[in-house]
Amino acid sequence: MALRQPVDAFLAEPGPLLDVRSPAEFRQGHIPGARNLPLFSDEERAEIGTLYKEAGREAAVLRGLALVGPRLEAMARELAAVATVSPGLPLRLTCWRGGMRSASVAWLAEQLALPTLLLEGGYKAFRHWVLSRFERPWPLRLLGGRTGTGKTDLLLELERRGAAVVDLEGLAHHRGSSFGGLGLPPQPSSEHFENRLATALTARQGAVQIWLEAESAQVGRCRIPGALWRQMQQAPVLEVRRPLEERVNQLVRIYGVQEPEALAEATRRIGRRLGPQRTAVALEAIAAGDWPSACLQMLEYYDRCYDHELDGHSSRPVELEDLPAAAAAELLLQRGLVQRASSAGGAALSQPACGGAGGR
C-alpha cells in the first residue's frame, strides 16, 4: 500500500510529481513542478460526477472502471517512462482529496513494482497549506521606483549574488502595467499564482530579508493575497532613482520590439486615464515608430500613479544613474542596503532617509 504523507513532508521528498486530476483542474492550479497525468478527461470527470449524484457511488465507480480500463496499459507505460528518468525515487501522486484517483494510479504503479507516495488530503490540503503561508510573518523588503528604473533586472541580479528574491512579475508573467503582458507567456490563474508564490516564499524561509518589487495589489489579473499584501504595505522600501533618459531607454529596450498594434491597443486601454491629447500623441508616435516619444507620454501618467501610491509611505532613495543592473546590485550589497540570504549585517531600512520621497 502506498505511503501517505502530509504536505510539508510530501513536498520535501525527491521524485517525479504527478497530478492525476483532469486537465481543467490542473490548469486552474497545481503544485508547481507537477506533471499532469489525468485519469479522466474533463468530459469523463463531469459524467462520473453527475452519475455519482444521481445514481450513487457504485454506479460511478463502475463507469469509471469502464472508462479507464482500456487505457491501463498506456498509463502503465507512461508511469514506467516517468520512473525511468528518476530511477529508485518514488512517484509522488496527488488528486483533489488524495482519494480514489491517486490511489488507483498508485495501485497501477505497484503492479510494476514502482514505489509511490500519496499526498494526504490531496491538492485540497496543498491549497490550505498555500493560504497558511501568507498568514505567516515574512522579513519582507520592497524594491520601489518609477516605471523604467529597471527594478526587475536589479532584483534578478541581486538574486544571482545570493539575495533572497521573489520575482512577483516573473511568477505572474506580467510587468504590472497595461503593457505588462506583451511578449510574455499567458498569465496563470490567480489560484496558481498563489501556489507559485507560496512555494517561492517557502523556498526562501530562513533568509534575513526577502526582496519583492513594490507592486500594486494586482499584477495583471493575478491578485497578491491579502495577508501578504498587508505585510508588503508595512515593509521597508528601497526606492531606485534613475534619470528620465535612462528610464525611457529601458522602456524602449523592452517594448520597442513588440508589435505596434499591440502597443496601440494597450495605449487605448488606458486612454481615458491618459486623456485624449496624450493618447493621440502616443498613438501617433507608435504609428511612426517613435518609441521614445510614446514612452514619454506613458511616463507622465505612470509617474503620477506611482507618486500617488508612494504618498504617506516611508522609503529610502538610492541614486543609480549610469549603473547597469549588475553594477547596481554590487553597489547595494557593498553598502549593506541589501543583505545576502544568510547575512546578519546590513544597513537598516526601517527608518525613512532624511529628505527621501515617501513611498511603497
Q) Can you check side-chain contact (heavy atoms from CB on, under 4.5 Å) on Arg175 and Thr152, steps first, answer last? A) CA-CA 9 Å; Arg175 301 184 189 93; Thr152 299; over 6 Å; no
Q: Could you walk me through whether Leu117 and Leu93 pass the side-chain contact (heavy atoms from CB on, under 4.5 Å) test, one step at a time?
A: CA-CA 6 Å; Leu117 289 174; Leu93 305 173; over 6 Å; no
Cut-off 3.5 Å, no hydrogens considered: what does the side-chain donor-acceptor table look like for residues 53-68, sequence neighbours left out?
residue : atom : partner : partner atom : Å
Arg63   : NE   : Glu47   : OE2          : 2.7
Arg63   : NH2  : Glu47   : OE2          : 3.3

Q) Does Arg242 come within less than 4.0 Å of Asp322, counting only side-chain N to carboxylate O? A) no
Q: Taking Arg221 for its side chain and Ser190 for its backbone only, find out whether a donor-acceptor pair lies under 3.5 Å.
A: no
(Q) Check this for me, if you would: do Arg247 and Asp303 make a salt bridge, where the nitrogen-to-carboxylate-oxygen distance has to be below 4.0 angstrom? (A) yes
Q | Residues Arg204, Glu159: salt bridge by 4.0 Å N-O rule | A | yes
Q: Taking all non-hydrogen atoms of both residues into account, name the closest pair between Leu263 and Trp291 and its distance.
A: CD1-CZ3, 3.7 Å
Q.
When you compare the side chain of Ile270 with that of Thr279, does any pair of heavy atoms fall below 4.5 Å?
A. no
(Q) Measuring only between side-chain heavy atoms, which start at C-beta, is Val338 closer than 4.5 Å to Leu238? (A) yes
(Q) Looking at every non-hydrogen atom in both residues, tell me the closest pair between Ile286 and Pro260 and how far apart they are. (A) CG2-O, 3.6 Å
Q) Which is it for Gln339 and Arg141 under the side chain to side chain donor-acceptor pair (under 3.5 Å) test, yes or no, and what are the steps along the way? A) CA-CA 10 Å; Gln339 300 175 39; Arg141 303 292 187 274; over 6 Å; no
Q | Salt bridge Arg161-Glu157, side-chain N to carboxylate O under 4.0 Å | A | yes
Q.
If you count every heavy atom of other residues, nucleotides or ligands that lies below 6.0 Å from Glu261 atom CD, does the total exceed 12?
A. yes
Q) Would the number of heavy atoms belonging to other residues, nucleotides or ligands and lying under 6.0 Å from CD of Glu110 be above 12? A) yes
Q) When rounded to the nearest 0.5 angstrom, what is the spacing between CZ in Phe193 and NE2 in His174? A) 11.5 Å
Q: Return the minimal non-hydrogen interatomic distance between Arg21 and Tyr123, and the atom names on each side.
A: NH1-CD2, 3.4 Å
Donor-acceptor pairs under 3.5 Å, side chain of residues 292-299 to any protein atom, not counting sequence neighbours: which ones?
residue : atom : partner : partner atom : Å
Ser293  : OG   : Asp290  : OD1          : 3.2
Ser293  : OG   : Asp290  : OD2          : 2.6

Q: Compare every heavy atom of Pro188 with every heavy atom of Leu171, then report the nearest pair and how far apart it is.
A: O-CG, 3.6 Å
Q: Give a yes or no on this: more than 12 heavy atoms of other residues, nucleotides or ligands lie within 6.0 Å of atom CZ of Arg269.
A: yes
**Q.** Shared hydrophobic cluster, Leu89 / Val20 (ILVMFWY, side-chain heavy atoms < 4.5 Å)
**A.** no
Q.
Between the side chains of Lys151 and Glu169, is the shortest nitrogen-to-carboxylate-oxygen separation below 4.0 Å, so that they form an ion pair?
A. no
Q. Would Leu140 and Leu228 count as a side-chain contact (heavy atoms from CB on, under 4.5 Å) if you check the C-alpha gap in whole Å, the side-chain angles of each, and the deciding distance to 0.1 Å?
A. CA-CA 9 Å; Leu140 301 183; Leu228 185 67; 3.8 Å; yes
Q) Looking at side-chain heavy atoms only, is the closest gap between Thr94 and Phe126 below 4.5 Å? A) no
Q: Would you check if there is a donor-acceptor pair between the side chains of Gln250 and Thr149 at a distance under 3.5 Å?
A: no
Q.
Would Arg127 and Trp129 count as a cation-pi pair here, with the cationic atom under 6.0 angstrom from the ring centre and within 45° of the axis?
A. no
Q: Evaluate side-chain contact (heavy atoms from CB on, under 4.5 Å) for Leu118 paired with Leu3, printing each intermediate quantity in order.
A: CA-CA 6 Å; Leu118 298 183; Leu3 178 67; over 6 Å; no
Q | Nearest-0.5 Å distance, CD1 of residue Ile210 to CG of residue Leu212 | A | 7.5 Å
Which atom pairs, one a donor and one an acceptor, fall under 3.5 Å between side chains of residues 95-103 and the rest of the protein, sequence neighbours left out?
residue : atom : partner : partner atom : Å
Arg101  : NH1  : Glu25   : OE1          : 2.9
Arg101  : NH2  : Glu25   : OE2          : 3.3
Ser102  : OG   : Gly99   : O            : 3.4

**Q.** Test item: side-chain donor near acceptor, Asp42 and Ser22, under 3.5 Å
**A.** yes
Q: Could you tell me whether the side chain of Leu154 reaches within less than 4.5 Å of the side chain of Trp211, counting heavy atoms only?
A: no
Q. Which heavy atom of Phe134 sits nearest a heavy atom of Gln231, and at what distance?
A. O-NE2, 3.3 Å
Q | Cluster check Val7, Leu197: I/L/V/M/F/W/Y, side chain < 4.5 angstrom | A | yes
Q) Of all heavy-atom pairs between Glu135 and Ala227, which one has the smallest distance, and what is that distance? A) OE2-CB, 3.6 Å
Q. Any ion pair linking Arg71 and Glu78 (charged N to carboxylate O, less than 4.0 Å)?
A. no
Q | Donor-acceptor contact present, side-chain Arg92 to main-chain Glu13, <3.5 Å | A | yes
Q) Regarding Arg223 and Gln218, is there a side-chain donor-to-acceptor distance under 3.5 Å anywhere? A) yes
Q | Any donor-acceptor pair under 3.5 Å from Asn36 side chain to Asp19 backbone | A | yes
